[in-house]
Engineer: 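Below is one structure. I have some questions about it.
Every number for a ligand or one of its atoms is a count from 1 in the order of the listing. Numbering of residues begins at 1 and proceeds along the displayed sequence.
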Amino acid sequence: MDLSETMNRITGDDAIIWRQGHLYLLDQRKLPGEVVFLELNTAAETARAITDMVVRGAPAIGITAAYGVVLAGAMAFRSSADQWQAAIQADLEQLRRSRPTAVNLFWALKRMGALLEGLPRGADPTDALLREAIAIHKEDIRANRDMGELGASLIEAGSGVITHCNAGALATGGYGTALGVIRSAHKRGLIREVFADETRPWLQGARLTAWELLQDGIPVTLLADGAAAHRMAQGGIDWIVVGSDRIAANGDVANKIGTYSLAVAAKHHGVKVMVAAPTSTIDMELASGSEIPIEVRGEEELLGCGGRRVAANGAGVWNPVFDVTPADLVDAIVTERGVATSPNRKKIEKMMANRPESP
Ligand code: MRU
C-alpha cells in the first residue's frame, strides 16, 4: 500500500491504520528519527509488535489487539471455514500474552471475544470483527477528546505541568489521555509550561511526547527523570498529568515506572496529580493496586542506551516497567464518564455507573 501521502503529514493520530485488509503500525521504536510503518498480516505478527513495543501505550495496545483479532478471524476462516471458531483460539491466546499490565488489552480481547461467540458458524467473520475493531478505535478517540475537556477544566490559567512517559496520540487511538488534557488546556490558553520526563529506559518522554507536542506547536522542556522533584522545588508546577495502564477499583494507579516517585514528590511539594484514562483502563475486578501484574522486561533495556552498552560488565538488573501509585497520592482520575477527585472505590463505582451518551 502507498502510505506516502500519509507520511508527509504523519502525526501520532495516524499511528494505527487499517487499510484494505492489512494493519499498519507506525514503528514507535524508530521515532522521532525515522517515520516507518510496519505491515502486519497475522495475529502472531500483531502480538509480536505489541511485545516488542512497535506499538505501546495502554489504549493503543487494546486497539491493535482488536485489529489483530480481525486478522486472526480472516485467517482462521480461510484455513477452515467450518471450524474457524476453534482455529482462532491459539491466536487469541497469543495476543493475550503479548503484554501483562495494560488492562485495555484484555478489555478489547474480551469485547472482540463476546462478538465472536455470537457469530454464525461457517460464515466469514471478518466484516463483523472489523466493524467492532473500528468502533473500539473510534470510541477511544472520542473518549480522549471528552477527557481532554474534563481534565482541562481542572487546570487554572498560568499552570506549569509535568507529564511522564507518553500518554498521547501515539499511545491511544488519537489525541491522547494525559496529552489530550494538555492539548485541550493549551488550546484554552491555560498552560504556561510543559515539562516531559525523558522516561528511561525507552525514552517515551524524550522521543515520543516531545515529538507529539512539538508537532502541535506546544513548547516542551525535557527533564531527566531524577530532576522532576528538584524542578517541583523551584515552584511553578501545579499539576502532574499522567495516563495509566490499569486502575484498580480503589483508585490505585499502575503507570510507567517512575510515576509513583513523581507522585510522592508531588505530595511533598503540594503539586496535584491528575490521572487521565478511559474507563477501559479501569479494572473493577481488582480490589487494589497490589493485585496488578507488573511487567518486568529484559535486562538489555537497562544495560545499554541507544543500542550502545553503557553499564559495567557484571552488573545485575531489575527492570520493572510499571509501578503503582496509591490512590491517596492521586488528586483526580479523569475518564470520559466523569472525574473522581480524591478517588476511592465508592467514587469510582459511581463514575463507572455514568453511562456515556450515544454518539
Ligand atoms: O511501556 P509503555 O510505553 O507501553 O507504557 C505506557 C505508559 O505507561 C502510559 O503512560 C500508559 O499506557 C497510558 S497511555 C495513554
Side-chain angles (χ1 to χ4, degrees), residues 12-13 15-16 25-29 31 49-65 98-108 137 140-141 143-148 151 162-183 196-209 211-213 225 240-247 253-263 273-283 289 292-298 301-302 319-325 330 333-336:
D13 287 320
I16 306 169
L25 296 178
L26 178 58
D27 190 343
Q28 299 193 29
R29 300 168 304 182
L31 287 173
I50 294 171
T51 304
D52 290 352
M53 311 271 288
V54 171
V55 59
R56 28 66 50 202
I61 291 171
I63 293 162
T64 301
S98 57
R99 283 192 84 185
T101 303
V103 75
N104 308 63
L105 171 72
F106 308 100
W107 174 89
H137 195 163
D140 186 65
I141 299 171
N144 290 337
R145 293 204 170 262
D146 291 348
M147 254 182 271
I162 298 178
T163 189
H164 190 68
C165 194
N166 171 266
L170 289 165
T172 63
Y175 201 65
T177 56
L179 291 195
V181 170
I182 290 172
R183 284 188 162 99
D197 287 344
E198 63 170 353
T199 321
R200 271 284 287 156
W202 272 85
L203 301 175
Q204 289 95 330
R207 296 186 303 106
L208 309 178
T209 294
W211 183 74
E212 267 199 61
L213 289 177
D225 296 354
I240 307 297
V241 185
V242 292
S244 173
D245 289 82
R246 195 184 297 222
I247 299 174
V253 171
N255 192 45
K256 180 52 56 192
I257 191 79
T259 305
Y260 176 32
S261 40
L262 206 53
V273 174
M274 183 192 306
V275 178
T279 48
S280 54
T281 300
I282 298 182
D283 187 346
I292 298 176
I294 298 294
E295 180 180 15
V296 177
R297 291 182 67 92
E301 294 184 353
L302 279 193
N319 185 23
V321 299
F322 299 101
D323 57 27
V324 176
T325 300
V330 175
I333 292 178
V334 177
T335 72
E336 77 280 14

Engineer: Taking atom types as modelled, find out whether N104 and T281 have a side-chain donor-acceptor pair closer than 3.5 angstrom.
Structural biologist: yes

Engineer: List in chain and number order the residues that pass salt bridge (charged side-chain N to carboxylate O under 4.0 Å, His left out) with R99, two or more places apart in sequence or in another chain; answer none if no residue qualifies.
Structural biologist: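 R99 satisfies salt bridge (charged side-chain N to carboxylate O under 4.0 Å, His left out) with E295 only.
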
Engineer: Considering only N or O atoms, set out every pair between ligand 1 and the protein closer than 3.5 Å, with distances to one decimal place.
Structural biologist:
| residue | atom | partner | partner atom | Å |
| --- | --- | --- | --- | --- |
| ligand 1 | 1 (O) | R99 | NH1 | 3.4 |
| ligand 1 | 1 (O) | R99 | NH2 | 2.9 |
| ligand 1 | 1 (O) | K256 | NZ | 2.7 |
| ligand 1 | 3 (O) | R56 | NE | 2.8 |
| ligand 1 | 3 (O) | R56 | NH2 | 3.2 |
| ligand 1 | 3 (O) | Q204 | NE2 | 2.8 |
| ligand 1 | 4 (O) | G57 | N | 2.9 |
| ligand 1 | 4 (O) | R99 | NH1 | 2.8 |
| ligand 1 | 8 (O) | D245 | OD1 | 2.9 |
| ligand 1 | 8 (O) | N255 | OD1 | 3.2 |
| ligand 1 | 8 (O) | K256 | N | 3.3 |
| ligand 1 | 10 (O) | N255 | OD1 | 2.7 |
| ligand 1 | 12 (O) | A58 | N | 2.8 |
| ligand 1 | 12 (O) | D245 | OD1 | 3.2 |
| ligand 1 | 12 (O) | D245 | OD2 | 3.0 |

Engineer: Taking side chain to side chain donor-acceptor pair (under 3.5 Å) as the definition, give me every residue that meets it alongside T209, ordered by chain and number, with sequence neighbours left out.
Structural biologist: N166

Engineer: Among all residues two or more places apart in sequence or in another chain, which pass the side-chain contact (heavy atoms from CB on, under 4.5 Å) test with D52?
Structural biologist: R29, R48

Engineer: Can L213 and L179 be said to form a side chain to side chain contact (heavy atoms under 4.5 Å, CB included), step by step?
Structural biologist: CA-CA 8 Å; L213 289 177; L179 291 195; 4.2 Å; yes

Engineer: Strictly below 4.0 Å, N to O, side chains only: are R183 and E212 in salt-bridge contact?
Structural biologist: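 Here R183 pairs with E212 in a salt bridge, since their nearest N and O are under 4.0 Å apart.
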
